[in-house]
Visitor: 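A single structure is presented below for examination.
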Amino acid sequence: MDVMLLLGRIALVSFICLFFTSCGLACGPGRGYGKRRHPKKLTPLAYKQFIPNVAEKTLGASGKYEGKITRNSERFKELTPNYNPDIIFKDEENTNADRLMTQRCKDKLNSLAISVMNQWPGVKLRVTEGWDEDGNHFEESLHYEGRAVDITTSDRDKSKYGMLSRLAVEAGFDWVYYESKAHIHCSVKAENSVAAKSGGCFPGSGAVTLEDGRTKNVKDLTVGDKVLAADEEGNIVYSDFIMFLDHDPTTQREFLVIETSEPAKKLRLTAAHLVFVRNLSVDSGMTAKFASSVQPGHEVFVLDGARGHPKSVRVERIYTVEYTGSYAPLTAHGTIVVDQVLASCYAVIEDHRWAHWAFAPVRMNRWLTSWSLPTHDANVTLREDGIHWYSNLLFHIGTWLLDRDSFHPLGISRPS
């Protein structure tokens with residue numbers, strides 16, 4: 001048994017090394033075999049442009065307003081002072097209020113300060129507005145929570161502000177807006193809010209269909225289960241459940257509900273998760289899209305009997321709900337039918353085929369270890385709470401290999 005486990009792990013590590021070596025040498029524009037990766041060319045934002053291209057207080061950006069923080073409120077402890085000597089704080093009020101911010105905002109600001117000095121030697125980052133305790137901003141401004149800053153360069157050279165905006169995006173701010181000729185507005189997600197939770201999952205009450213016809217909640221899946229899924233051609237199959245990419249029974253999260261009619265189905269999943277929509281320009285007739293990109297009028301695929309192809313059905317409306325607990329099951333085929341709607345097992349990057357290929361080592365390792373590792377023993381490890389280590393590995397290396405824009409906005413903020 002020990003020998004088989006060792007062989008499985010060696011195969012997994014070897015495959016990972018081969019995969020990432022080939023990616024580092026061959027993927028992406030301008031990267032040939034054996035060449036060092038060059039820094040990508042940054043494009044300044046245009047005046048009035050904001051990234052991501054959604055409203056600031058929505059799930060895909062910095063999230064909803066959670067209430068004003070005052071010096072006397074319990075939440076005041078959420079703010080931390082920033083005394084970074086490489087940042088100039090205007091501090092018109094002489095109260096150091098502009099230095100107070102959430103830890104997430106502080107981390108992004110400090111990262112941006114380094115980028116500014118690297119981009120323009122001798123120039124520093126300047127903060128003109130931070131936490132607002134005096135009510136100088138519009139209602140429900142994130143400045144009241146210490147989650148927003150207005151910035152310029154220390155030389156106040158307006159010709160630099162487009163690039164400053166881009167640097168802020170690269171530094172990891174969750175929403176960046178070239179708001180005026182006088183400053184750039186940046187904001188971040190709340191530390192513990194629903195919006196700060198990333199990745200792609202289903203609620204634990206999502207229903208899957210087993211090979212024997214029974215249904216089971218996603219949270220109750222165990223290794224050895226065969227669940228309804230689809231192959232590359234879109235044919236219905238029963239696929240082995242391998243493990244959970246994410247297993248979180250306690251965190252409250254926001255889920256999108258994609259509702260269809262004729263038949264009426266409701267698929268619940270997080271914004272960064274992939275779901276299949278009808279696309280006649282590809283051979284399979286379907287393309288994986290982020291759930292947040294699906295709109296009323298699109299067609300998703302619902303179960304129409306246990307054999308053949310899923311049936312494409314029009315999306316009637318989309319809304320949000322909150323649940324406690326989130327689960328990301330992985331099957332051998334990389335697809336799964338949840339609540340009788342076909343979805344991908346993957347999230348964060350809008351390329352189902354690439355993601356499925358990237359998880360090939362996991363499938364290989366499971367195949368090797370299944371010879372000698374009893375199902376109930378394997379499941380103990382696979383049901384540990386949190387994001388699976390391999391998912392984290394792929395994500396972190398992916399952030400090095402790929403542009404930030406390749407990820408869903410909620411994927412970038414994934415906790416390590």
Side-chain angles (χ1 to χ4, degrees), residues 199-211 213-218 221 225-242 244-246 255-318 326-357 359 363 408:
C201 301
F202 304 98
S205 59
V208 298
T209 303
L210 304 182
E211 190 174 25
R214 294 182 296 120
T215 59
K216 196 174 194 178
N217 288 341
V218 168
L221 283 170
D225 285 337
K226 287 183 177 291
V227 300
L228 205 60
D231 62 18
E232 290 185 0
E233 285 73 42
N235 298 307
I236 289 295
V237 296
Y238 285 97
S239 187
D240 290 326
F241 167 70
I242 297 175
F244 285 105
L245 301 179
D246 195 354
F255 294 81
L256 295 176
V257 181
I258 299 175
E259 184 175 318
T260 68
S261 63
E262 298 180 7
K265 305 295 178 185
K266 295 180 181 179
L267 175 65
R268 300 161 295 164
L269 71 175
T270 49
H273 205 101
L274 297 179
V275 61
F276 292 100
V277 299
R278 189 181 187 204
N279 182 357
L280 296 179
S281 66
V282 297
D283 292 340
S284 65
M286 59 179 68
T287 299
K289 294 177 70 70
F290 288 132
S292 61
S293 299
V294 177
Q295 300 175 5
H298 285 162
E299 294 181 22
V300 296
F301 291 85
V302 305
L303 182 65
D304 186 21
R307 298 182 182 277
H309 280 69
K311 176 183 178 182
S312 62
V313 177
R314 188 178 186 275
V315 175
E316 291 298 319
R317 68 178 185 131
I318 300 172
S326 55
Y327 304 83
L330 176 65
T331 68
H333 286 79
T335 62
I336 189 167
V337 175
V338 178
D339 296 328
Q340 295 188 282
V341 181
L342 178 63
S344 170
C345 291
Y346 308 115
V348 180
I349 294 180
E350 203 170 26
D351 193 321
H352 171 81
R353 289 180 181 272
W354 186 94
H356 190 55
W357 188 84
F359 275 91
R363 297 192 297 277
H408 191 279

Visitor: If you look at every heavy atom in Leu210 and Tyr238, which pair is closest and at what distance?
Guide: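 For Leu210 and Tyr238, the tightest heavy-atom pair comes out as O-CE2, 3.4 Å.
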Visitor: Would you mind reporting whether Tyr327 and Cys201 have side-chain heavy atoms less than 4.5 Å apart?
Guide: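 In short, these two side chains do not touch, never coming nearer than 4.5 Å.
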Visitor: Main chain of Phe241, side chain of Thr331: is a donor-acceptor contact present, judged purely on distance under 3.5 Å?
Guide: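 Checked: no pair found.
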Visitor: Taking Glu350 for its side chain and Phe290 for its backbone only, find out whether a donor-acceptor pair lies under 3.5 Å.
Guide: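 Yes: the side chain of Glu350 pairs with the backbone of Phe290.
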Visitor: What's the separation between atom CG in Leu342 and atom CZ in Phe276, rounded to the nearest 0.5 Å?
Guide: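 One finds 5.5 Å between CG of Leu342 and CZ of Phe276.
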Visitor: Could you give the distance from OG1 (Thr215) to CD (Gln340), rounded to the nearest 0.5 Å?
Guide: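 With rounding to 0.5 Å, OG1 (Thr215) is 9.0 Å from CD (Gln340).
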Visitor: Please assess Arg268 against Phe202 for the test side-chain contact (heavy atoms from CB on, under 4.5 Å), listing each intermediate value before the final yes or no.
Guide: CA-CA 6 Å; Arg268 300 161 295 164; Phe202 304 98; over 6 Å; no
Visitor: Measuring from atom CD1 of Ile318 to atom CG of Leu267, what distance do you get when rounded to the nearest 0.5 angstrom?
Guide: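 With rounding to 0.5 Å, CD1 (Ile318) is 10.0 Å from CG (Leu267).
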Visitor: Would you name the heavy atoms of Met286 and Gly234 that are closest together and state the gap between them?
Guide: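 Distance-wise, the nearest heavy atoms are CE-CA, 4.2 Å.
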Visitor: Is a donor on one side and an acceptor on the other found under 3.5 Å between the side chain of Thr260 and the backbone of Pro263?
Guide: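 Judged by distance alone, yes, a pair lies under 3.5 Å.
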Visitor: For Val313 and Ser261, work out which heavy atoms get closest and say how close.
Guide: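 Reported closest heavy-atom pair: CG1-O, 3.1 Å.
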Visitor: Take Val275 and Phe301 through the test side-chain contact (heavy atoms from CB on, under 4.5 Å) and record every step on the way to the result.
Guide: CA-CA 9 Å; Val275 61; Phe301 291 85; over 6 Å; no
Visitor: Rounded to the nearest 0.5 Å, how far does CG of Leu303 lie from CD1 of Ile236?
Guide: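 Answer for the CD1-CG pair, Ile236 versus Leu303, is 5.5 Å.
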Visitor: For the residue pair Thr209 / Arg214, report whether a side-chain donor-acceptor contact shorter than 3.5 Å exists.
Guide: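 There is no such pair (donor and acceptor under 3.5 Å, judged by atom type) between the side chains of Arg214 and Thr209.
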Visitor: Could you list the residues that satisfy side-chain hydrogen bond (donor to acceptor under 3.5 Å, both in side chains) with His356, not counting sequence neighbours?
Guide: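 Result, side-chain hydrogen bond (donor to acceptor under 3.5 Å, both in side chains) vs His356: Tyr346, Arg363.
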Visitor: Can you tell me how far the NZ atom of Lys266 sits from the CG atom of Leu256, to the nearest 0.5 Å?
Guide: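 Here the interatomic distance stands at 14.0 Å.
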Visitor: May I ask you to decide whether Glu299 forms a salt bridge with Arg314, counting only side-chain N to carboxylate O separations under 4.0 Å?
Guide: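 No.
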Visitor: Using the side-chain contact (heavy atoms from CB on, under 4.5 Å) rule, take Ser292 and His273 through it: C-alpha gap first, then chi angles, then the decisive distance, then the call.
Guide: CA-CA 8 Å; Ser292 61; His273 205 101; over 6 Å; no
Visitor: Is there a side-chain contact between Leu274 and Asp351 (heavy atoms, below 4.5 Å)?
Guide: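 No; the side chains remain at least 4.5 Å from each other.
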Visitor: Looking at Asp339 and Lys265, does any basic side-chain N land under 4.0 Å from a carboxylate oxygen?
Guide: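 Looking at Lys265 together with Asp339, the answer is no, because their closest N to O distance does not fall below 4.0 Å.
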Visitor: Minimum heavy-atom separation for Ile336 to Val208, with atom names?
Guide: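 For Ile336 and Val208, the tightest heavy-atom pair comes out as CD1-CG1, 3.8 Å.
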Visitor: When you measure from the side chain of Ser239 to the backbone of His333, do you find a donor-acceptor pair of N or O atoms at a distance under 3.5 Å?
Guide: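 Indeed, once roles are kept as given, a pair shorter than 3.5 Å links the two residues.
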Visitor: For the residue pair Gly334 and His352, what are the closest heavy atoms and their distance?
Guide: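 Here Gly334 and His352 meet closest at O-CE1, 3.0 Å.
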Visitor: Could you go through Phe359 and Cys345, starting from their C-alpha distance and side-chain angles, then the distance that decides it, and tell me whether this counts as side-chain contact (heavy atoms from CB on, under 4.5 Å)?
Guide: CA-CA 11 Å; Phe359 275 91; Cys345 291; over 6 Å; no
Visitor: Quick one: CG on Leu221 to CG on Asp225, what's the gap to the nearest 0.5 Å?
Guide: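 Spacing of CG (Leu221) from CG (Asp225) equals 5.5 Å.
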Visitor: Using modelled atom types only, decide if a donor and an acceptor are shared between the side chain of Thr335 and the backbone of Ala230 within a distance under 3.5 Å.
Guide: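 Checked: pair present.
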Visitor: Give every residue pair that meets the salt bridge (Lys or Arg N to Asp or Glu O under 4.0 Å) criterion with at least one member in residues 232-242, sequence neighbours excluded.
Guide: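 Residue pairs passing salt bridge (Lys or Arg N to Asp or Glu O under 4.0 Å), neighbours aside: Lys226-Asp240.
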